[in-house]
Amino acid sequence: MCNPESLHPYKNKQDQFDRRYLEMAKTWAQNSYCKRRKVGALIVKDKMIISDGYNGTPQGFENICEDENNNTKTYVLHAEANAITKVAKSNNSSDGATLYVTTSPCIECSKLIIQAGIKRVVFCDKYRITEGLDLLKRANIEIVHIEF
């Protein structure tokens, strides 16, 4: 998991911003009711956070992400999907923005990232399935993996 304790030294100003926004995404992930994995996401444009999200159930559903066998329920939304749909309901545009997410995106979230016009994805924990990252690379989206 991301460790915000090890944020130094910074390579440059962008690295400093990337690490700080990832630290904020990690904090935001703590809002999740999911037990198996808590994921947080921020969408940043022109150094302003324009949206945020964490993994969880849709609005109006019980805040229980896992079934009785500790498997994630199929309707749980990922942090990226929550952040992207939230910005879609606002007056903001994610076109050209950066997505900060604590875990690398899955294939479904990567499709949403591409369609949302997000140009950069920064993450700290690499998910075992990398097809989402492969799709982002194919779409020429800048990917930054920062290990804390």
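Residue numbers start at 1 and run along the sequence shown. Just so we're clear, the structure is a prediction, and the values are computed from it rather than from any experiment.
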[X] versus [Y]: any side-chain heavy-atom pair under 4.5 Å?
{"X": "Cys106", "Y": "Glu80", "value": "no"}
{"X": "Ser51", "Y": "Asn92", "value": "no"}
{"X": "Ile143", "Y": "Lys137", "value": "yes"}
{"X": "Arg37", "Y": "Thr103", "value": "yes"}
{"X": "Asn55", "Y": "Leu77", "value": "no"}
{"X": "Ile50", "Y": "Ser90", "value": "no"}
{"X": "Ile43", "Y": "Asp52", "value": "no"}
{"X": "Asn71", "Y": "Glu66", "value": "no"}

Donor-acceptor under 3.5 Å ([X] side chain, [Y] main chain):
{"X": "Lys45", "Y": "Asp95", "result": "yes"}
{"X": "His145", "Y": "Phe123", "result": "no"}
{"X": "Thr85", "Y": "Asn82", "result": "yes"}
{"X": "Asn12", "Y": "Gln14", "result": "yes"}

Which atom pair, heavy atoms only, marks the closest approach of [X] to [Y]?
{"X": "Arg19", "Y": "Glu147", "answer": "NH1-O, 4.0 Å"}
{"X": "Ser110", "Y": "Gly132", "answer": "OG-O, 2.9 Å"}
{"X": "Lys47", "Y": "Tyr21", "answer": "O-OH, 3.2 Å"}
{"X": "Ser104", "Y": "Tyr127", "answer": "OG-N, 2.8 Å"}

*Are the ring centres of Phe61 and Tyr75 closer than 6.0 Å?*
yes

_List the residues meeting disulfide (SG to SG under 2.5 Å) with Cys34, not counting sequence neighbours, and say none if there are none._
Cys65

_Lys/Arg N to Asp/Glu carboxylate O, Lys111 vs Glu108, below 4.0 Å_ = yes

_Among Asp15, Leu22, Val122, Val121, which residue satisfies the side-chain contact (heavy atoms from CB on, under 4.5 Å) criterion with Val144?_
Val122

*To the nearest 0.5 Å, tell me how far Ile118 CD1 sits from Ile113 CD1.*
5.5 Å

*Can a donor-acceptor pair be found between the side chains of Asp125 and Thr102 at a distance below 3.5 Å?*
no

*When you check the side-chain N and O atoms of Asp18 and Tyr100, is any donor under 3.5 Å from an acceptor?*
yes

*salt bridge (Lys or Arg N to Asp or Glu O under 4.0 Å) assessment of Glu62 paired with Lys73*: CA-CA 11 Å; Glu62 72 289 344; Lys73 294 179 180 178; 3.1 Å; yes

